[in-house]
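The structure appears below as structure tokens.
One is the number of the first residue; the rest follow in order along the sequence. Whatever order the structure lists them in is the order used to number ligands and atoms, beginning at 1.
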Amino acid sequence: MYAQMVETGLKKVQTSDDMSAEEREFQARIDAGVKIEAKDWMPDAYRKTLIRQISQHAHSEIVGQLPEGNWVTRAPTLKRKSILLAKIQDEAGHGLYLYSAAETLGVSRDELLDALHSGKAKYSSIFNYPTLSWADMGAIGWLVDGSAIINQIPLCRCSYGPYSRAMIRVCKEESFHARQGYDIMMALSKGTPEQKQMAQDALNRWWWPSLMMFGPSDAASVNSAQSAQWRIKLFSNDELRQRMVDQTVPQAEYLGLTIPDPDLKWNEERGSYDFGEIDWEEFHQVLKGNGPCNKERLRTRVKAWDDGEWFRDALVAYADKQQAKQAAA
Ligand code: BYC
């Protein structure tokens, strides 16, 4: 039943009475589980929502390479270094599938990149934190990629075909990423007391920002209700965050590490963990550009883009030359 008025406190969702005949037909297809494809008719707001979410997701993958890139030259062994390099390359690939998925909605890659480089576009808050030790590579794989999987598995079933299909491969690769992170955490936790302390310190710093990745609480999430109606979101921010906590606490126990939350406790009645209040002020500051690394991340991206200009120009010049040759032949 799609015709319910859902009041999120912040934004109302369209009811069937507000919809045109085309919109009603579109919503009925979504309710029947039919995938929407690029050339299908879609409401403008659906298109805009997808461009917003998919492009933010693509930017997150690209900017997400930077915190880990910091450790490629300092990985403790050649094996760890090649695994980390492969993971970072995967993230670039995810960015590219996602930019391609966004382009199917009629926006150009140049427009999307302009929005990122000018600071207009958002990317995940998590990548505005520094990577201070090798253990952070473990914590990112375990917690950040772990959270990404929880958020993205449902996206494989979302209503927009090109996005849902891109997510299938992304999720397979993310699960390798999460395992490599947990493997680093296991090695450190079983290592010397200093190594175990490094692992604990990384968990202490990455725990809360990882919970923030799922977005504001349901009560404060402006986009959720409409995205749920369009089956872009199949679970709410809070539901997925809870899933992350429930899945991760036993993993931390196995490592012999302590989750940095004094309010964390098993709730027998609900069959899941209660956890402490997230510092939403910190989250909003990071979104506003005031996180510990926002400025550095953006500066690095813009510099990489500017430094690569000669290469992009060379590719275009080469393609033009080939085309001219073919035309002459
Ligand atoms: N950071 O109404 P809400 C990765 C924004 S990549 C920044 O709940 P929505 C990885 C939100 O955009 C991980 N901004 O929004 C890569 C909205 O602002 P606008 C990236 C956030 O869209 C490399 C406002 O807050 N994953 O894992 O319904 C290496 C209100 O929020 C954040 C994705 O992008 C945040 N954390 O739900 C390793 C997944 N949270 O746009 C790992 C796809 C919220 O209205 N995206 N905002 O100005 C989603 O699932 C949804 O967009 C979100 C937010 C759950 C993130």
Side-chain angles (χ1 to χ4, degrees), residues 8-11 13 45 48-70 84 87-95 97-98 101-102 115-116 120-129 131 136-137 139-156 158 160 163-164 166-167 170-171 173-178 180-181 206 208-230 232-241 244 278 280 282-289 291 294 297:
T8 61
L10 292 158
K11 197 176 181 182
V13 174
K48 277 194 192 136
T49 295
L50 280 169
I51 292 176
R52 176 183 66 77
Q53 177 166 327
I54 301 174
S55 63
Q56 285 175 3
H57 194 166
H59 299 326
S60 304
E61 301 283 355
I62 298 298
V63 177
Q65 295 177 102
L66 300 176
E68 290 174 305
N70 188 32
L84 184 61
K87 177 196 190 288
I88 295 170
Q89 280 177 355
D90 285 351
E91 308 300 358
H94 299 174
Y97 316 146
L98 286 162
L116 174 66
K120 265 194 279 169
K122 289 194 173 82
Y123 57 86
S124 183
S125 50
I126 192 75
F127 302 117
N128 292 305
Y129 291 85
T131 44
D136 290 15
M137 298 304 96
I140 289 179
W142 173 35
L143 302 174
V144 175
D145 291 82
S147 298
I149 295 169
I150 292 170
N151 168 272
Q152 289 168 22
I153 292 274
L155 290 174
C156 299
C158 77
Y160 188 55
Y163 192 27
S164 70
M167 277 300 109
V170 169
C171 285
E173 292 177 351
E174 296 292 12
S175 87
F176 151 74
H177 298 168
Q180 68 84 37
W206 289 94
W208 292 104
S210 297
L211 294 191
M212 293 174 195
M213 280 178 76
F214 295 91
S217 69
D218 292 351
S221 168
V222 280
N223 301 301
S224 277
Q226 184 62 63
S227 287
Q229 177 164 302
W230 282 326
I232 295 170
K233 273 182 146 170
L234 302 188
F235 297 96
S236 77
N237 296 359
D238 286 335
E239 281 169 337
L240 294 175
R241 188 170 11 249
M244 184 302 194
I278 290 171
W280 292 115
E282 175 181 322
F283 174 73
H284 290 299
Q285 283 303 326
V286 175
L287 260 58
K288 274 196 220 152
N294 293 60
R297 298 288 182 245

Discussion item. Any non-hydrogen side-chain atom of Arg52 less than 4.5 Å from a side-chain atom of Asn223?
Written reply: yes
Worksheet entry | For ligand 1, the portion of Asp145 having any non-hydrogen atom under 4.0 Å away | side chain
Worksheet, complete the sentence: Closest to atom 32 (C) of ligand 1 among protein heavy atoms sits Phe283 CZ, 3.7 Å
Discussion item. Check whether Asn237 reaches the backbone of Asp218 with its side chain - one donor and one acceptor, N or O, closer than 3.5 Å.
Written reply: no
Fill in: Atom pair SG (Cys171) and CD1 (Ile150), whose distance is rounded to the nearest 0.5 Å
11.0 Å
Item to complete: Check each heavy atom of Tyr163 against ligand 1 and say whether those closer than 4.0 Å belong to the side chain, the backbone, both or neither.
Response: side chain
Item to complete: Identify the protein heavy atom lying closest to atom 18 (O) of ligand 1, giving its residue, its atom name and the separation to 0.1 Å.
Response: Lys122 NZ, 3.2 Å
Item to complete: Evaluate the criterion side chain to side chain donor-acceptor pair (under 3.5 Å) for residue pair Glu174 and His177; output intermediate values, then yes/no.
Response: CA-CA 5 Å; Glu174 296 292 12; His177 298 168; 3.0 Å; yes
Practice prompt. Output the list of atoms in ligand 1 that are nearer than 4.0 Å to some heavy atom of Met213, sorted by atom number.
Written response: 27 (O), 36 (N)
Discussion item. Below a 4.0 angstrom heavy-atom separation, can you tell me which part of Leu287, side chain or backbone, both or neither, approaches ligand 1?
Written reply: side chain
Practice prompt. Classify the contact between His57 and ligand 1 as side chain, backbone, both or neither, using a heavy-atom distance cut-off of under 4.0 Å.
Written response: both
Fill in: OH-CZ distance between Tyr123 and Arg297, expressed to the nearest 0.5 angstrom
7.5 Å
Worksheet entry | ligand 1 versus Tyr123: contacting region, heavy-atom distance under 4.0 Å | backbone
Practice prompt. Return the residue, atom name and 0.1 Å-rounded distance of the protein heavy atom closest to atom 15 (O) of ligand 1.
Written response: Asn223 ND2, 3.3 Å
Worksheet item: At a 4.0 Å threshold, what atoms of ligand 1 neighbour a non-hydrogen atom of Gly215?
Response: 40 (N), 44 (C)
Worksheet item: From atom 53 (C) of ligand 1, is the closest protein heavy-atom distance below 4.0 Å?
Response: no
Worksheet item: Any side-chain heavy atom of Met244 within less than 4.5 Å of one from Ser210?
Response: yes
Worksheet item: Does some side-chain heavy atom of Trp206 sit less than 4.5 Å from a side-chain heavy atom of Ile126?
Response: yes
Worksheet item: Where's the contact between Met212 and ligand 1, heavy-atom distance under 4.0 Å: side chain, backbone, both or neither?
Response: backbone
Worksheet item: Among protein heavy atoms, which sits nearest to atom 28 (O) of ligand 1, and what does the distance come to when rounded to 0.1 Å?
Response: Lys233 NZ, 2.6 Å
Worksheet item: Is there a donor-acceptor pair under 3.5 Å between the side chain of Ser221 and the backbone N or O of Pro216?
Response: no
Discussion item. Working note: Asp238 + Ser217, criterion side chain to side chain donor-acceptor pair (under 3.5 Å); need CA distance, chi angles, decisive distance, verdict.
Written reply: CA-CA 6 Å; Asp238 286 335; Ser217 69; 4.8 Å; no
Worksheet item: Which residue supplies the protein heavy atom nearest to atom 35 (C) of ligand 1, what is that atom called, and how far is it?
Response: Ser125 OG, 3.5 Å
Item to complete: Could you tell me which atoms of ligand 1, counted from 1 in the order shown, lie closer than 4.0 angstrom to a heavy atom of Phe214?
Response: 55 (C)
Discussion item. Nearest non-hydrogen contact with atom 51 (C) of ligand 1 belongs to which option: Gln56, Gln53, Glu68?
Written reply: Gln53
Worksheet item: Which protein heavy atom lies closest to atom 6 (S) of ligand 1, and at what distance to 0.1 Å?
Response: Ser60 CB, 3.6 Å
Item to complete: Return the residue, atom name and 0.1 Å-rounded distance of the protein heavy atom closest to atom 10 (C) of ligand 1.
Response: Phe127 CZ, 3.4 Å
Practice prompt. Measure the CD-CD distance between Glu61 and Glu91 for me, rounded to the nearest 0.5 Å.
Written response: 5.0 Å
Fill in: Short N or O distance, Glu174 and ligand 1, threshold 3.5 Å exclusive
no
Response to the item:
atom 8 (O) of ligand 1 sits nearest the protein heavy atom Ser221 OG, 2.7 Å
Practice prompt. Side-chain contact test, heavy atoms from C-beta onward, threshold under 4.5 Å: evaluate it for Asn151 versus Phe235 and give yes or no.
Written response: no
Worksheet item: Is ligand 1 under 4.0 Å from a heavy atom in the side chain of Asn151, in the backbone, in both, or in neither?
Response: side chain
Worksheet item: What are the atoms of ligand 1, with element, lying closer than 4.0 Å to any heavy atom of Asn237?
Response: 8 (O), 55 (C)
Worksheet entry | Asn70 side chain vs Pro67 backbone, donor-acceptor pair below 3.5 Å | no
Worksheet item: Quick one: does His94 get within less than 4.0 Å of ligand 1, heavy atoms only?
Response: no
Discussion item. I'd like to know if Lys87 and Asp90 make a salt bridge, using a cut-off of under 4.0 Å between side-chain N and carboxylate O.
Written reply: no
Worksheet item: Is the side chain of Glu68 donor-acceptor paired with the backbone N or O of Gln65 at a distance under 3.5 Å, no angle test?
Response: no
Practice prompt. With heavy atoms of Glu91 as the reference, note each atom of ligand 1 found under 4.0 Å away.
Written response: 16 (C), 23 (C), 29 (C), 38 (C)
